[in-house]
Amino acid sequence: EMIRAIQKLTLKEGIGRFIKYSTLEIRDLDFFKKTLGREDAVLTSAVDVAKYNEEYRKKYFGTSKCVLKPKSTEEVSKILAHCNERKLPVVPQGGRTSMVVGATPLLGEIVINLERMDTIYELSPYTGIIKLQAGAILENVDKYCKDREFVFPLDLGARGSCQIGGNLSTNAGGLHYVKYGSLHANTVGLIAVLANGKILDTLHSHRKDNTGYDLKQLFIGGEGTLGIITEAAVLCYPHPISSSLAMLCAKSFEEVKGILVGAKRKFGNNLSAIEMMDNHCYELVLKNIPQVRAPFGQERSPYYMLIETNHNGSQTDSNDTLMSFIEGLKINNAILAMDRAQTQCIWQIREKIADAFEKEGRTFKYDVSLNVDQFKEIVEIVRTRVKEKALVGGYGHVGDGNIHINVTPRSKEFINEVQDLIEPYVLEQVGKMRGSISAEHGVGYAKNKYLHLSRSQNCINTMKIIKQTLDPNGIMCPQKIFPLSQFGYIAS
């Protein structure tokens with residue numbers, strides 16, 4: 001029904017000229033096969049394309065009939081030049097882990113999957129800059145860096161499948177944002193292919209470059225709507241000699257805020273992660289994730305925190321420094337990880353929260369940015385809204401103001417009612433609190449109707465001008481960030 005509704009869209013209040021997309025033909029497939037030079041790089045059978053049409057959470061399904069797997073920037077360039085001339089919409093795909101339906105071909109777009117573009121070229125020991133293709137899997141990149149005593153400035157739960165191109169296109173944040181900052185800050189250069197096939201090459205290894213507009217920033221967080229990132233140069237950091245991790249109990253959210261302030265002052269840039277979760281999240285992990293053991297036994301607390309620190313001295317010195325800080329807090333309880341097994345167990349509690357909610361049933365997930373003072377308030381607002389009809393948990397990256405809110409109806413009969421209660425209510429409340437409706441995952445299709453809650457109309461209009469300038473035919477990721485009707489594009 002959604003696809004049929006999209007295909008009936010007509011120009012009403014759009015600001016662009018009317019454009020009708022073309023349909024895929026045999027001549028297009030012949031061109032793609034000739035360009036890519038191998039049969040297995042052009043997938044057209046229903047069986048072969050099925051997984052590329054499936055959205056991460058299995059809530060949406062695409063209708064693409066063609067998946068292309070280029071090996072180089074030049075091949076991507078030829079593909080896009082052809083598609084732009086023919087007005088064939090496309091959607092780039094990486095590891096397909098988008099939480100906002102950012103890579104699903106809802107209009108039957110041609111999928112350009114970058115999994116074959118996974119080469120890691122080099123990591124300079126002098127500058128710490130790694131050069132690589134966009135299809136490289138984050139976990140492989142992380143291992144490559146560790147083998148050379150460096151740290152890649154991004155880590156997140158989907159590390160085993162997500163790709164660097166997708167990470168850049170969504171400006172992914174992750175667990176160590178508090179230490180290393182954003183990909184906006186750490187990306188030194190990149191190569192992107194524009195909708196018309198032209199190659200925009202800003203790939204270099206100079207951290208300082210003030211020669212005009214910093215064009216690469218348009219594509220970081222651009223969600224593939226302006227072009228396709230094919231290669232990148234990213235700043236990495238020396239691997240710390242030692243690292244320590246602790247889990248703490250907090251009696252109140254005021255205590256959480258006090259610990260946060262104290263940790264930032266004590267450890268400064270040696271604070272590599274600081275996470276928070278409420279007791280609802282903690283309990284669900286213990287209930288639904290069998291391999292996780294309760295670190296505090298039967299003891300429970302309203303809030304829990306994870307603190308990870310880096311140290312350039314011995315492991316003993318690192319542990320002693322963190323323990324000294326904890327002892328000065330006068331909290332009820334804390335545990336310091338003493339070996340790899342304990343470290344993995346503690347991190348699993350944090351990283352398995354989303355899975356724990358999913359095992360309870362259909363889960364509505366919100367990834368938003370607010371002032372830390374507002375974390376407790378927004379969770380209480382949602383709990384008050386749904387009353388006893390749903391489980392509500394709040395957790396996230398307290399060090400950088402990013403909270404995740406999960407809402408799981410207590411039974412299937414409440415799903416529709418809960419959805420009506422919270423959508424778009426939760427995002428509207430975030431907007432009223434002057435927060436961001438998307439802290440990490442982008443806008444995609446799922447949030448394209450709510451962009452105005454975080455951006456002024458002048459900002460949105462400026463973004464549309466950039467979109468129409470770089471992609472006048474609207475072939476790049478239609479429906480992502482902006483609804484089609486705002487531009488006057490429709491599917492044939």
Side-chain angles (χ1 to χ4, degrees), residues 32 35-37 41 68-85 90-94 103 110 112-124 126-138 141 144-145 152-154 163-172 182-236 463 465-473 475-477:
F32 297 144
T35 299
L36 300 184
L68 306 178
K69 296 185 176 183
K71 184 69 174 175
S72 68
T73 295
E74 290 69 28
E75 289 181 355
V76 174
S77 173
K78 292 176 182 178
I79 291 168
L80 286 185
H82 177 85
C83 291
N84 187 61
E85 182 179 350
V90 303
V91 58
Q93 274 190 2
I110 294 169
I112 301 177
N113 187 282
L114 303 184
E115 62 188 31
R116 293 178 63 222
M117 297 180 62
D118 61 353
T119 301
I120 300 174
Y121 297 118
E122 63 175 350
L123 195 165
S124 168
Y126 310 110
T127 63
I129 293 171
I130 187 172
K131 291 184 178 180
L132 69 177
Q133 286 186 306
I137 293 173
L138 177 59
V141 176
Y144 182 95
C145 292
F152 192 76
L154 175 69
Q163 297 174 9
I164 296 302
N167 298 149
L168 289 166
S169 294
T170 56
N171 188 34
S182 70
L183 288 173
H184 274 298
N186 288 299
T187 303
V188 178
L190 55 76
I191 296 177
V193 181
L194 303 181
N196 61 8
K198 291 185 178 180
I199 297 172
L200 190 71
D201 187 348
T202 69
L203 191 70
H204 56 68
S205 56
H206 312 304
R207 292 185 63 188
K208 290 185 174 181
D209 180 11
N210 291 320
T211 51
Y213 302 130
D214 192 2
L215 295 176
K216 69 178 180 290
Q217 300 297 350
L218 288 174
F219 301 91
I220 302 170
E223 301 185 48
T225 61
L226 303 179
I228 299 178
I229 297 172
T230 58
E231 300 180 41
V234 182
L235 179 65
C236 301
M463 286 192 280
I465 290 171
I466 294 170
K467 166 70 172 172
Q468 289 188 308
T469 301
L470 295 183
D471 182 21
N473 288 336
I475 68 165
M476 301 301 305
C477 292

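Treat the numbers as computed from the prediction; the structure is a model and nothing was measured.
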Colleague: Kindly give the heavy-atom pair with the smallest separation between Cys477 and Pro92, and that separation in Å.
Modeller: SG-CD, 3.3 Å
Colleague: Quick one: ring-ring contact (aromatic ring centres under 6.0 Å, His included) partners of Phe32, sequence neighbours excluded?
Modeller: His82
Colleague: Can you check whether Arg116's main-chain N or O pairs, donor with acceptor, with Lys71's side chain at less than 3.5 Å?
Modeller: yes
Colleague: Which distance, rounded to the nearest 0.5 Å, do you find between the CG of Leu194 and the OG1 of Thr469?
Modeller: 11.5 Å
Colleague: What pair of heavy atoms forms the shortest contact from Tyr121 to Tyr144, and how long is it?
Modeller: O-OH, 4.1 Å
Colleague: Minimum heavy-atom separation for Gly94 to Asn113, with atom names?
Modeller: O-ND2, 3.7 Å
Colleague: About how many Å separate CE of Met476 and NZ of Lys467, when rounded to the nearest 0.5 Å?
Modeller: 7.0 Å
Colleague: Where do Leu203 and Ala232 come nearest, in terms of heavy atoms and distance?
Modeller: CD1-C, 3.4 Å
Colleague: For the NZ atom on Lys78, are there more than 12 heavy atoms of other groups (residues, nucleotides or ligands in this structure) within a distance under 6.0 Å?
Modeller: no
Colleague: Tell me whether Thr202 contacts the main-chain N or O of Gly189 through its side chain, where contact means a donor paired with an acceptor under 3.5 Å.
Modeller: no
Colleague: Take Asp471 and Thr225 through the side-chain contact (heavy atoms from CB on, under 4.5 Å) test and state the conclusion after the steps.
Modeller: CA-CA 8 Å; Asp471 182 21; Thr225 61; over 6 Å; no
Colleague: Are any side-chain N or O atoms of Asn473 and backbone N or O atoms of Asn84, one a donor and one an acceptor, separated by less than 3.5 Å?
Modeller: yes
Colleague: Can you check side-chain contact (heavy atoms from CB on, under 4.5 Å) on Ile228 and Leu114, steps first, answer last?
Modeller: CA-CA 10 Å; Ile228 299 178; Leu114 303 184; 4.0 Å; yes
Colleague: Residues in ring-ring contact (aromatic ring centres under 6.0 Å, His included) with His184, at least two apart?
Modeller: none
Colleague: Once rounded to the nearest 0.5 Å, what's the spacing between atom CD of Glu122 and atom CG of Leu132?
Modeller: 10.5 Å
Colleague: With a 4.5 Å heavy-atom cut-off, do Ile137 and Asp118 have their side chains touching?
Modeller: no
Colleague: Is the CD atom of Gln217 crowded by more than 12 outside heavy atoms at less than 6.0 Å?
Modeller: yes
Colleague: Could you report the tightest heavy-atom contact between Asn167 and Leu138, atom names first, then the distance?
Modeller: OD1-CB, 4.0 Å
Colleague: With rounding to the nearest 0.5 Å, note down the distance linking SG in Cys145 to CG in Leu123.
Modeller: 5.0 Å
Colleague: Here's a test for you: under side chain to side chain contact (heavy atoms under 4.5 Å, CB included), which of Thr170, Leu235, Asn171 qualifies with Leu183?
Modeller: Asn171
Colleague: Supply the atom-to-atom distance Ile229 CD1 to Leu168 CG, rounded to the nearest 0.5 angstrom.
Modeller: 5.0 Å
Colleague: Spell out, as yes or no, whether a donor-acceptor pair under 3.5 Å connects the side chain of Ser77 to the backbone of Thr73.
Modeller: no
Colleague: Any chance you could measure Lys131, atom NZ, to Ser124, atom OG, to the nearest 0.5 Å?
Modeller: 9.0 Å
Colleague: Run His204 and Val188 through side-chain contact (heavy atoms from CB on, under 4.5 Å) and show every step you take.
Modeller: CA-CA 7 Å; His204 56 68; Val188 178; 4.0 Å; yes
Colleague: Please assess Phe219 against Ile191 for the test side-chain contact (heavy atoms from CB on, under 4.5 Å), listing each intermediate value before the final yes or no.
Modeller: CA-CA 10 Å; Phe219 301 91; Ile191 296 177; over 6 Å; no
Colleague: Which one of Val90, Val76, Ile79 satisfies the side chain to side chain contact (heavy atoms under 4.5 Å, CB included) criterion with Leu68?
Modeller: Ile79
Colleague: State, to 0.1 Å, how close Gln163 and Ala134 come at their nearest heavy-atom pair, and which atoms those are.
Modeller: CB-O, 3.6 Å
Colleague: Between Leu154 and Asn186, is any pair of side-chain heavy atoms under 4.5 Å apart?
Modeller: no
Colleague: Considering only residues two or more places apart or on different chains, which pairs with a residue in residues 209-233 satisfy salt bridge (Lys or Arg N to Asp or Glu O under 4.0 Å)?
Modeller: Asp214-Lys216
